[in-house]
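Residues take their numbers from the sequence shown, with the count starting at 1. Since this is a predicted model, take the numbers as computed values, not measurements.
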Amino acid sequence: MSAAEAGDVFHRARGRTLDAFSSEKEREWKGPFYFIQGADPQFGLMKAWSTGDCDNGGDEWGQEILLTEQAVEAINKLNPKPKFFVLCGDLIHAMPGTPWRKEQTKDLQRVLKAVDRDIPLVLVSGNHDLGNVPTAATVEEFCQTWGDDYFSFWVGGVLFLVLNSQFLYDASRCPDLKQAQDHWLDQQLSIAEQQQCQHAIVFQHIPLFLQSIDEDDDYFNLTKAVRKQLADKLTRAGIRAVFSGHYHRNAGGSYQDLDMVVSSAIGCQLGKDTHGLRVVVITAEKIVHRYYSLDELSKRGLDEDLKQLLKE
């Protein structure tokens, strides 16, 4: 499926914003709402991980197709409907320029096309989508296929920022693109400070940290220097939470008033968590989130206490 064929289902982030939420009315707080966060469907990793060959082994992704179909079905059944469904990166496993990338992309687009058209998709770029060391060409490919790699949008008085975390990991082959995102982010954080939004929230693939701002550098987090500088910048602007994936396990912690939320995968699990999705409820005062297995969310939907928050 080409970008043109995918249409507005997959290419809503244009001009650094999201078409689905372009109305000025979205800047006004109208009461509690919720969204669904998923991460790492990563078509192809389950086979690659099971064979111990993550570079070359991802030639099957039938399990991921079934799991992502289950996720879509669970989301479509929810009542009331979520405001949007965000996928926090690693949409597919095949890196740029490697075999099966086009086939994995086509299959994921086909599955995501079944998402209720009243539930906009918010797509975040991950390291497998752009390459561990992105280039202008790999970023352009992502943008042509899925939409902008970083952008902002408003929903119900809340400002959401989507970041390309590969620029924070290693931008050595595209420093100008990183500089452009840095400049854009400073502008957005200034808006967050000045416009007195109800909350401001960030989505990115790689977590700032897994448990603590002072933890050691790891494949699954940003380096200490980068994470501390960014965390300080976000907290000064009043960002309340960062939601990410990448770890394929649930994790997280807090830094000052910032909540770092790491969600496990729809696809391959690298720990003891289950394939799942996170429900995030936004009230006037707080951000409440809960991870559900796909089976739990499909069978029982939202818990009653979360539904009650939506009525307040």
Legend entry - I201 side chain reached by I282 side chain, heavy atoms, under 4.5 Å: yes

Inset, instruction - Would you tell me whether Y219 and N127 have side-chain atoms, one donor and one acceptor, within less than 3.5 Å of each other? - result: yes

Legend entry - Under 3.5 Å donor-acceptor, R227 side chain and E215 backbone: yes

Legend entry - Residue pair H93 / E64, side-chain heavy-atom distance below 4.5 Å: no

Inset, instruction - Step through the shown structure and confirm whether more than 12 heavy atoms of other residues, nucleotides or ligands are within 6.0 Å of CD on Q179. - result: no

Legend entry - Lys/Arg cation over aromatic Y292: R278, 6.0 Å, 45° cone: no

Inset, instruction - With L161 as reference, evaluate L185, V242, L234 under the side-chain contact (heavy atoms from CB on, under 4.5 Å) test and give the passing residue. - result: L185

Legend entry - Residue pair A114 / N76: nearest heavy atoms and the distance that separates them: O-ND2, 2.9 Å

Legend entry - Joint hydrophobic cluster, V281 plus M260, side-chain heavy atoms closer than 4.5 Å: yes

Legend entry - Exercise: do Q204 and N164 side chains pair donor with acceptor under 3.5 Å: no

Legend entry - Carboxylate-amine/guanidinium contact D116 K77, below 4.0 Å: no

Inset, instruction - Answer yes or no: is there a side-chain heavy-atom contact under 4.5 Å between D148 and F142? - result: no

Inset, instruction - Taking the side chain as every heavy atom from C-beta outward, state whether R110 and E69 have any pair of such atoms under 4.5 Å apart. - result: yes

Inset, instruction - Check for a donor-acceptor pair, side chain of T17 on one end and backbone N or O of S152 on the other, with a separation under 3.5 Å. - result: yes

Inset, instruction - For the pair E28 and K25, find out whether any cationic side-chain nitrogen is under 4.0 Å from an anionic carboxylate oxygen. - result: no

Inset, instruction - Of all the heavy-atom pairs spanning C197 and G157, show the shortest one and how long it is. - result: CB-O, 3.6 Å

Inset, instruction - Report the distance from atom OH of Y150 to atom CG of D182, rounding to the nearest 0.5 Å. - result: 9.0 Å

Legend entry - Side chains of Q308 and E304, donor plus acceptor under 3.5 Å: no

Inset, instruction - For atom CH2 of W154, decide whether the heavy atoms of other residues, nucleotides or ligands shown that lie under 6.0 angstrom number more than 12. - result: yes

Legend entry - Steps toward side chain to side chain donor-acceptor pair (under 3.5 Å) verdict (H289, D259): CA-CA 11 Å; H289 54 87; D259 192 12; 3.1 Å; yes

Legend entry - Pair R300 + D303, salt bridge at N-O below 4.0 Å: yes

Inset, instruction - Say whether Q166 and N132, considering side chains only, have a donor N or O and an acceptor N or O under 3.5 Å apart. - result: no

Legend entry - Cation over ring face, R101 and F43, 6.0 Å, 45°: no

Inset, instruction - Go through the side-chain N and O atoms of D107 and W61 and say whether any donor and acceptor fall under 3.5 Å apart. - result: yes

Legend entry - Side-chain heavy atoms of Y169 within contact of P134, under 4.5 Å: no

Inset, instruction - Determine whether P207 and V262 make a side-chain contact, defined as any pair of heavy atoms from C-beta on separated by less than 4.5 Å. - result: yes

Legend entry - Hydrophobic cluster identity match, V122 and L91, side-chain contacts under 4.5 Å: no

Inset, instruction - For the pair D216 and F209, evaluate side-chain contact (heavy atoms from CB on, under 4.5 Å) and give the outcome as yes or no after the intermediate values. - result: CA-CA 9 Å; D216 291 338; F209 54 87; over 6 Å; no

Inset, instruction - Report yes or no: do Y255 and F203 belong to one cluster of Ile/Leu/Val/Met/Phe/Trp/Tyr joined by side chain heavy-atom distances under 4.5 Å? - result: no

Inset, instruction - State yes or no: are the ring centers of F160 and F21 separated by less than 6.0 Å? - result: no

Legend entry - Interatomic distance, I206 atom CD1 to L168 atom CG [nearest 0.5 angstrom]: 7.5 Å

Legend entry - Nearest atoms (heavy-atom pairs only) where S165 meets L222: O-CD2, 4.3 Å

Legend entry - L210 side chain near Y247 side chain, heavy-atom distance below 4.5 Å: yes

Inset, instruction - May I ask you to decide if T135's main-chain N or O and T138's side chain share a donor-acceptor pair within less than 3.5 Å? - result: yes

Legend entry - Side-chain heavy-atom pair S293, H275 within 4.5 angstrom cut-off: no

Legend entry - D40/H246 under side chain to side chain donor-acceptor pair (under 3.5 Å): CA gap, chis, key distance, verdict: CA-CA 7 Å; D40 302 271; H246 189 51; 5.3 Å; no

Inset, instruction - Scan Q194, E193, Q187, Q188 and name whichever one has a side chain to side chain donor-acceptor pair (under 3.5 Å) with S190. - result: Q194

Inset, instruction - Just grab all the salt bridge (charged side-chain N to carboxylate O under 4.0 Å, His left out) pairs involving residues 231-248, residues at least two apart or on different chains. - result: D186-K233, K228-D232

Inset, instruction - State whether D217 and K224 are salt-bridged, where the test is any N-O pair (Lys NZ or Arg NE/NH1/NH2 against Asp/Glu carboxylate O) under 4.0 Å. - result: no

Inset, instruction - Treat each ILVMFWY residue as a node, draw an edge where side-chain heavy atoms are under 4.5 Å apart, and state whether I119 and L121 are in one component. - result: yes

Inset, instruction - Ignoring hydrogens and angles, state whether a donor on the side chain of T51 or D53 is under 3.5 Å from an acceptor on the partner side chain. - result: no

Inset, instruction - Scan side-chain atoms only and decide if Q269 and S264 contain a donor-acceptor pair under the 3.5 Å cut-off. - result: yes

